[in-house]
Each structure stands twice: as C-alpha cells, then as structure tokens.
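Beneath this line is the structure, given in structure tokens, with notes to follow.
Just so we're on the same page: letters track the sequence lines, and every chain starts at 1. What you see is a predicted model; the values in this text were computed from it and never measured.
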Number of protein chains: 2
Amino acid sequence: MTKRSYQQDCALAHSADLIGERWTLLLIRDLLVSPRRFNELQKSLKGMGSNLLAARLKELEQDGVIEPYASGDGSRRYRLTVRGRALEPAILGLIRWGYTDSKPDTDKGHHCDDWDLLALKAFFQPGVAANLHLSVQYHGDTLSGWTRIFDGHMTIGLGELDDADLVVQGTVRDLFRGANEPELLLSHGTASELDQYMQSFAS
Amino acid sequence: MTKRSYQQDCALAHSADLIGERWTLLLIRDLLVSPRRFNELQKSLKGMGSNLLAARLKELEQDGVIEPYASGDGSRRYRLTVRGRALEPAILGLIRWGYTDSKPDTDKGHHCDDWDLLALKAFFQPGVAANLHLSVQYHGDTLSGWTRIFDGHMTIGLGELDDADLVVQGTVRDLFRGANEPELLLSHGTASELDQYMQSFAS
DNA sequence: CTGGATCCCTCACGATACTG
DNA sequence: CAGTATCGTGAGGGATCCAG
C-alpha cells in the first residue's frame with residue numbers, strides 16, 4: 001500500500017503530505033523537546049493506537065524526518081533528523097497561534113509539563129534577551145527540564161543541568177501562573193536574574 | 001455530533017484541533033491569497049468531496065477562522081477573519097519547510113499559479129527589501145495576480161493592479177524558471193527594477 | 001518490560017448524484 | 001452557483017497478542 005497524497009504541486013501540500021496526518025505534528029512536538037522511546041511517546045499521545053504510532057514512526061523515518069538510534073542504555077529511541085529539526089520554526093508559529101485562545105488550565109485535557117518548555121521557546125524574544133546568558137532548571141513533581149538562553153538563542157531539554165543559574169522548584173506553568181511572586185519558587189539564583197528571565201518572553 | 005479533539009492541554013494540540021484535519025490547511029492557503037467562492041475552492045482542492053468542503057467551511061466559521069460574506073456581485077464568498085489571517089506566518093513557515101525538497105515541476109501534481117504568489121511571499125526577505133517600493137503584475141494564461149513590496153512588507157493578490165511598476169507576461173514560476181533571462185518576460189518596467197525585485201527573495 | 005504486530009469495529013473521508 | 005444526500009471504502013481507535 002502506498003501513502004495517500006494531495007497530489008498538488010505546492011510546497012504546503014508537500015509539507016502536509018509528510019507531516020499533515022493525524023497525530024504526526026504532536027509526535028514531532030514531543031521529539032522537539034527530547035528524543036523519546038516508543039513507550040514515552042505512547043504515554044504522551046494518549047488515544048493513539050500503538051499500531052498507528054509504529055506506522056507514523058516508520059513513515060517519518062522513510063521521509064527523513066526522524067531516525068531511530070540506540071541510546072546509551074541500549075534502548076531504542078527516536079530523534080529528529082536535521083530536516084526534522086528544521087520544522088521547529090513552523091511548529092513554534094502554530095504554538096503561538098494556538099495559544100492565543102487555548103487558555104491553559106481551562107482545557108482540562110491531558111497535559112505533560114515538558115510541552116510547556118516548547119511553548120516557552122515559542123514566546124521567547126531574542127531581541128530582548130540579546131545579551132542574556134542564563135540557564136534555568138525546573139524541578140517538577142514527575143519530571144525535570146531546563147532552558148538555556150545564550151547568544152540570543154534558547155535551547156531546551158529534559159533532565160538535570162549541572163550549571164544552572166536559577167533553580168525553580170516547580171514547572172514552567174507553576175512559575176508563570178504565580179508571576180506576581182515568582183521568587184517563592186526559586187531555590188537557587190537571584191530575583192534580579194529571574195526578572196530578566198521572565199522579561200524575555202512575549203505577553 | 002461533536003468534533004473530535006486531541007483533548008490535550010497544549011497550544012499545538014489546540015491548533016491541530018482547529019486546523020489540523022485533512023484539507024483544512026490547503027483551504028486556508030487558498031484564502032490567504034484571496035477570498036474565494038465555494039466553486040473556486042472546489043476547483044483548487046481537487047479530490048475533496050463537496051460535502052467535506054461544506055463541512056470544513058462551517059467548522060472554520062464556527063471557530064472564527066473564516067467568515068462568509070456577500071461580495072460586490074452578490075455572490076457568496078469566504079474570507080479569513082483577523083484570527084485566520086494570523087495563521088499566515090505559521091503557514092509560510094510550513095511552505096519554506098516543504099519547499100526544500102518538493103522540487104517544483106518534478107511533482108507533476110495538480111497546480112494553480114496563484115499558489116506561487118504565496119510561496120514567493122514565504123521567501124521574501126524584508127531585510128533586503130527594507131527600502132524597496134515595487135509593485136509587480138503577473139499576467140498568466142488563465143489568471144492574473146500581483147505582488148506589492150512596501151515598507152518592508154509584501155502583500156499579494158489576484159486581479160489587476162493599476163499602478164504596477166513591472167508587468168510580467170507570465171506566471172511567477174515562468175519568471176523564476178527563466179531567471180537567467182527574466183527580462184524577456186517584462187512588458188513594462190526596467191531591468192534594474194526587476195533585478196532588485198528578484199534579489200529580495202531567499203535562495 | 002519494551003517495541004511493536006494483528007485483528008476488528010467504527011467513523012471520517014471520497015465520489016457521485018441530486019436539489020434550491 | 002452553492003451546497004445537501006447517499007453510500008462504499010479505508011484510515012483511525014482500542015484491545016490483545018507476540019518477540020527480544
């Protein structure tokens with residue numbers, strides 16, 4: 001069987017042929033935060049059948065968007081290729097668009113804290129943070145992640161940073177939800193650094 | 001019946017709920033070029049059932065992305081709302097991504113010349129054209145369109161401009177396909193202006 | 001236990017025909 | 001021209017089973 005296609009000679013239709021099918025965009029979102037194992041993806045993409053997940057992974061691999069690899073502990077993981085990573089600007093654009101009326105907390109759907117790291121990056125303003133060099137570690141209940149601002153760029157990831165300037169005891173959402181008294185969550189770093197950090201995101 | 005949703009508390013999932021279903025992105029692409037009538041959309045979206053098109057139009061209207069209106073000649077047309085127009089940056093990003101390996105002309109799928117106006121805008125570089133003020137009219141076999149560069153922005157549209165600086169006898173694709181001798185297509189305007197124009201697009 | 005493959009049922013989609 | 005009605009097909013959703 002061959003994949004269905006829009007059969008349109010148009011760059012957008014071609015993108016949609018590759019990443020426009022159901023679940024694909026959300027799958028790539030997860031991989032933009034960090035490489036993942038099959039099971040981790042399944043946990044995040046609640047409602048997606050395991051057969052579909054396997055099929056999508058295979059299609060994306062054949063299209064050169066993702067690639068499997070053996071991670072350190074011997075387990076199979078999936079990560080974005082260079083071509084896949086090139087989707088980030090477009091996806092951040094869709095996040096910005098969707099955020100304007102998505103009203104976090106009113107949706108009451110499934111939620112993973114690490115998605116918020118990507119949303120944070122979507123609203124990061126390079127101009128404001130041109131000369132900022134700041135690493136922030138988040139310690140949530142179930143998982144840890146970090147953001148790093150350097151040379152006008154922001155990078156994000158899961159796990160533990162060993163050189164964090166700020167350490168937040170809570171999630172990204174905790175921090176911005178309590179934006180009036182954010183320093184309550186700070187377990188390491190200065191309030192001034194935290195203020196600079198929060199100033200570098202739009203609205 | 002209620003629309004299916006990813007039920008994820010995530011801005012990208014929310015975007016995907018609104019515009020992630022089959023054909024929706026291509027439908028919005030067409031409306032980004034110009035408001036359209038039902039029939040025009042049907043012609044462009046070959047393979048999409050008319051029932052589906054009607055359903056999508058209704059969903060998008062309810063979600064505040066598009067709106068129907070009575071155009072001058074009394075016929076019903078659909079156009080993007082402000083919220084719908086805000087999708088343009090994200091869609092241009094997807095066009096840029098899809099273009100890198102879509103190889104126009106090798107696809108041999110359905111093609112409408114007006115899609116190329118949007119692709120042109122996707123590769124427009126505001127920085128290069130910061131002080132450029134230039135309107136270009138394209139006269140294709142079946143349809144006419146134009147681009148206007150002003151104040152670092154590009155706008156596009158269908159139909160006839162009455163104050164075009166350059167008039168190209170051909171489509172956008174004709175112009176860039178014959179980029180070695182583009183002035184052959186010029187029926188009005190100078191070769192110097194044309195050169196400035198073509199310099200303001202990436203790669 | 002992870003990383004899938006297989007089956008089955010349902011509904012979204014695609015094609016066509018029909019109506020105001 | 002602008003849709004609605006109908007219906008067959010296949011993609012998607014959920015459970016279960018199997019291999020390393």
message: Quick one, V128(A) and F201(A) - any side-chain contact, counting heavy atoms below 4.5 Å?
response: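 The answer is no; the side chains never approach within 4.5 Å.
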
Note, H188(A) side chain near Q137(A) side chain (heavy atom, < 4.5 Å):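 A side-chain contact is absent here, since even the closest heavy-atom pair is not under 4.5 Å.
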
Find the distance [X]:[atom1] to [N]:[atom2] and express it as a whole number of Å.
X      : N       : atom1 : atom2 : value
K3(B)  : dG12(D) : NZ    : P     : 17 Å
R36(B) : dC1(D)  : CZ    : C1'   : 17 Å
E59(B) : dC13(C) : CD    : C1'   : 12 Å
M48(B) : dC13(C) : CE    : P     : 9 Å
L52(B) : dG3(D)  : CG    : P     : 15 Å
L53(A) : dT2(C)  : CG    : C1'   : 13 Å
L45(B) : dC13(C) : CG    : C1'   : 14 Å
Q42(B) : dG3(D)  : CD    : C1'   : 9 Å

message: Need one value for K58(B): base, sugar-phosphate or nothing, where a base atom within 4.0 Å counts as base even if backbone is also close, heavy atoms only.
response: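 K58(B): backbone/sugar contact only, no base atoms under 4.0 Å.
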
- request: Give R56(A) one of three labels, base, sugar-phosphate or nothing, depending on what nucleic acid heavy atoms sit under 4.0 Å from its own.
  value: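 Here R56(A) touches the backbone only, sparing every base.
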
message: Could you check whether the side chain of S50(A) and the base of dA5(C) have a donor-acceptor pair of N or O atoms closer than 3.5 Å, going by distance alone?
response: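 Yes, the side chain and the base share a sub-3.5 Å donor-acceptor pair.
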
message: Quick check: any donor-acceptor pair below 3.5 Å linking the side-chain of N51(B) to the base of dG14(C)?
response: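 Such a pair exists between side chain and base.
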
Compare side-chain N and O positions of [X] against OP1 and OP2 of [N] and report whether any pair is under 4.0 Å apart.
X      : N       : answer
R37(B) : dG3(D)  : no
Y6(B)  : dG12(D) : no
W23(B) : dA12(C) : no

field: Shortest non-hydrogen contact between S75(B) and R37(B), atoms and distance
entry: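 For S75(B) versus R37(B), the nearest heavy atoms are CB-NH2, 2.5 Å.
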
message: To the nearest 10°, give me the bend of the helix from dC1(C)-dG20(D) to dG20(C)-dC1(D), comparing the axes of its five terminal pairs at either end.
response: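 Answer rounded to 10°: the end axes differ by 30°.
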
message: Before you tell me yes or no, could you show the steps for H133(B) and D165(B) under side-chain hydrogen bond (donor to acceptor under 3.5 Å, both in side chains), namely the whole-Å CA-CA distance, both residues' side-chain angles and the distance that decides it to 0.1 Å?
response: CA-CA 9 Å; H133(B) 179 4; D165(B) 302 302; 5.1 Å; no

message: Measuring from the side chain of R22(A) (C-beta onward, heavy atoms only), which nucleotide among dG3(D), dG14(C), dG12(D) has the closest atom?
response: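 Shortest atom-to-atom distance from the side chain points to dG12(D).
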
message: Taking the minimum atom-to-atom distance to the side chain of F38(B), which one of dG14(C), dG3(D), dG13(D) wins?
response: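 In terms of side-chain proximity for F38(B), the closest of dG14(C), dG3(D), dG13(D) is dG3(D).
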
Axial cation check for Y138(A) ring with R173(A), 6.0 Å and 45° limits: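 No, R173(A) and Y138(A) do not form such a contact.
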
message: Treating H110(A) as the side-chain partner and Q7(B) as the backbone partner, does any N or O pair qualify as donor plus acceptor under 3.5 Å?
response: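 It does not hold such a pair.
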
field: Criterion salt bridge (charged side-chain N to carboxylate O under 4.0 Å, His left out) on D163(B) and R148(B), from CA distance to verdict
entry: CA-CA 10 Å; D163(B) 63 342; R148(B) 187 190 295 274; 3.4 Å; yes

